[in-house]
Amino acid sequence: MKAFIFLISIVMATTAAADGRSVTYTVNGAPYEGYYTTPGGRAPLVLLVHDWDGLTDYEVRRAEMLAKMGYAVFAVDLFGAGVRPTKMEDRRQHTGELYADREKMRALLDGGLKAARDQGADTANAVAMGYCFGGAAVLELARSGADLKGFVSFHGGLSTPQGQDYSRTRAPVLILHGAADTAISMDDFAKLAKELEKHGVAHEMIAYGGAPHAFTVFGEDRYREDADRKSWQRFSEFLKDVLR
C-alpha cells in the first residue's frame, strides 16, 4: 500500500502543471538558469543541486514534489545557461572542472542562494540537497561553513578533498546512499562517518541494500522504487525536523 501511495504521489507531481519558473541570474558575470517554485508565503527553502547532466526535467519534477509539500525550491544551475550535457565525456568535463576548482563551485552555490533570495525565498530557513554530483556539491557547501539548517546527499560523492574537513560545518548532515553503489563505495561511506564523528557534526547515514548508484532516478534501469520511497520519506522527516 505504501509503495502504491508513493507511486501515485509521483504521478500527481509530474502530471500536474508546474507552477515554477526559470530564473536567469549571473555569477561573476556569467549567465546561469535556475528554476524556482514556491507555494507562497514565507515557505521554508530547499536549495536543490542537480546531477551531472545539469538542471533537467528530473530536478523540476522533484522541485514540484517539494512545492506540493509546502516548500519553496530553488534548483541551482552549476554549469551555465543552456549547458545541459548529454554525452558522457561532456558530463565528465563539466563536473571535472568544478571538482578541480572548489572555489568556483562554492561561488556558484552561493550565487544560487543569492538568486533564490532575490526571488523572495527565505534563505535563513533553508536546507541544501542534491543528487549524485549535486550531493557532492552539497557536502562542499557544508564544509564551507554555509549558514543553512541542513545538508542532504542522495547517492552523492562522499570523499573529502585534500586540505578540507568538516570543522566549519554548522548544521546536520543526512546521507542517503545505495549499498550496491559501485561508484561510491561503502568504504567511502564509512570514512565519511568517521570524519563527521571526529568533528562533532550531527549526522545520520542510511545505506539501502540492493540500491545501486542513482537509485532515485525515475525511468532508469538503476531506479529502485523501495529505496527511493524510503529515502524520500526520511528526507521529508528531516525537513520537518530542521526547518521552521
Side-chain angles (χ1 to χ4, degrees), residues 10 32 34-35 46-63 65-66 73-80 83-102 104-106 108-109 112 127-143 150-161 173-189 191-193 203-232 234-235 238:
I10 291 174
Y32 293 84
Y35 181 84
V46 176
L47 183 77
L48 192 160
V49 189
H50 57 76
D51 195 352
W52 71 339
D53 52 357
L55 202 174
T56 67
D57 289 344
Y58 176 76
E59 286 78 21
V60 171
R61 289 171 67 180
R62 290 293 186 180
M65 288 171 68
L66 285 164
V73 184
F74 189 85
V76 65
D77 174 16
L78 298 189
F79 290 167
V83 180
R84 304 295 183 260
T86 57
K87 294 182 179 179
M88 193 74 70
E89 58 267 30
D90 293 334
R91 293 170 178 173
R92 287 186 176 131
Q93 174 193 338
H94 290 292
T95 56
E97 287 175 357
L98 291 178
Y99 282 137
D101 189 346
R102 298 290 178 146
K104 182 177 180 179
M105 184 187 289
R106 292 185 181 192
L108 293 174
L109 291 164
V127 160
M129 61 89 77
Y131 294 95
C132 299
F133 163 73
V138 165
L139 293 182
E140 185 72 30
L141 195 58
R143 291 189 298 270
F151 304 93
V152 184
S153 168
F154 285 84
H155 44 80
L158 304 179
S159 61
T160 301
V173 172
L174 175 63
I175 304 295
L176 303 165
H177 183 69
D181 192 330
T182 57
I184 299 130
S185 71
M186 289 302 295
D187 289 341
D188 297 326
F189 184 86
K191 185 176 180 180
L192 176 59
H203 64 282
E204 181 177 350
M205 302 178 65
I206 305 173
Y208 299 96
H213 190 64
F215 64 82
T216 68
V217 182
F218 308 126
E220 297 292 330
D221 291 342
R222 293 177 293 180
Y223 179 73
R224 297 293 184 272
E225 188 278 329
D226 185 62
D228 183 25
R229 173 178 56 82
K230 289 177 179 177
S231 61
W232 189 260
R234 182 64 196 100
F235 173 50
F238 181 83

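If you're wondering where the values come from, they're calculated on a predicted model, not measured in any experiment.
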- Nearest 0.5 Å please: distance from the CG atom of L139 over to the CD1 atom of I175. 4.5 Å
- Going through the distances and angles, do R224 and K230 end up as a side chain to side chain contact (heavy atoms under 4.5 Å, CB included)? CA-CA 10 Å; R224 297 293 184 272; K230 289 177 179 177; over 6 Å; no
- Query: Roughly how far, to the nearest 0.5 Å, is the CG atom of L174 from the CD atom of E204?
  - Reply: 5.5 Å
- Query: Closest approach of A137 and V49, non-hydrogen atoms and distance?
  - Reply: CB-CG1, 3.9 Å
- Message: With a 3.5 Å distance limit and no angle check, can you tell me whether H203 reaches the backbone of L192 through a side-chain donor-acceptor pair?
- Response: no
- Query: Do the side-chain N and O atoms of E97 and Q93 include a donor-acceptor pair separated by under 3.5 angstrom?
  - Reply: yes
- Y32 and D77 have their tightest heavy-atom pair at CD2-O, 3.3 Å
- Tell me, do L66 and F235 make a side-chain contact under 4.5 Å, heavy atoms counted? yes
- Task: Hey, could you give me the CG/NE2 distance between L98 and H94, rounded to the nearest 0.5 Å?
- Result: 9.5 Å
- First locate atom CG of D101, then atom CE of M105, and finally report the distance between them rounded to the nearest 0.5 Å. 8.5 Å
- Item | Charged N-O contact under 4.0 Å between D57 and R61 | no
- Query: What's the shortest heavy-atom distance between F218 and Y223, and which atoms?
  - Reply: CD2-CE1, 3.7 Å
- Message: Can a donor-acceptor pair be found, under 3.5 Å and without considering hydrogens, that links the side chain of H50 to the backbone of L78?
- Response: yes
- Item | Where G210 and A180 come nearest, the two heavy atoms and their spacing | C-CB, 3.8 Å
- Message: Between L141 and L47, is there a side-chain heavy-atom distance shorter than 4.5 Å?
- Response: yes
- Shortest non-hydrogen pair, P161 vs R102, comes out as CG-CZ, 3.4 Å
- Item | R92 bridged to E89 by N-O distance under 4.0 Å | no
- Query: Can you find a pair of side-chain heavy atoms, one from V76 and one from L108, that are under 4.5 Å apart?
  - Reply: no
- Note on the structure: Exactly one of R222, R234, R62 clears salt bridge (Lys or Arg N to Asp or Glu O under 4.0 Å) with D228, and that residue is R62
- Query: Are any side-chain N or O atoms of R91 and backbone N or O atoms of P85, one a donor and one an acceptor, separated by less than 3.5 Å?
  - Reply: yes
- Query: Sub-3.5 Å donor-acceptor pair from the side chain of E59 to the main-chain atoms of D51, do we have one?
  - Reply: yes
- Message: With a 4.5 Å cut-off on side-chain heavy atoms, are F189 and L158 touching?
- Response: yes
- Query: So, Y99 versus F133, ring centres under 6.0 angstrom or not?
  - Reply: yes
- Under the side chain to side chain contact (heavy atoms under 4.5 Å, CB included) rule, what do V152 and L176 come out as? Steps first, then yes or no, please. CA-CA 8 Å; V152 184; L176 303 165; 4.1 Å; yes
- Query: Could you give the distance from CZ (F215) to SG (C132), rounded to the nearest 0.5 Å?
  - Reply: 9.0 Å
- Task: Identify whether the distance between the nearest side-chain nitrogen and carboxylate oxygen of D188 and K191 falls below 4.0 Å.
- Result: no
- Note on the structure: Between F79 and G54 the two heavy atoms that sit nearest each other are CE1-N, 3.5 Å
- Message: Using only atom types and a distance under 3.5 Å, with no angle test, would you say the side chain of R84 pairs donor to acceptor with the backbone of L55?
- Response: yes
- Note on the structure: Quick note, side-chain hydrogen bond (donor to acceptor under 3.5 Å, both in side chains) partners involving residues 205-221, not counting sequence neighbours, are Y58-T216, H155-T216, D181-H213
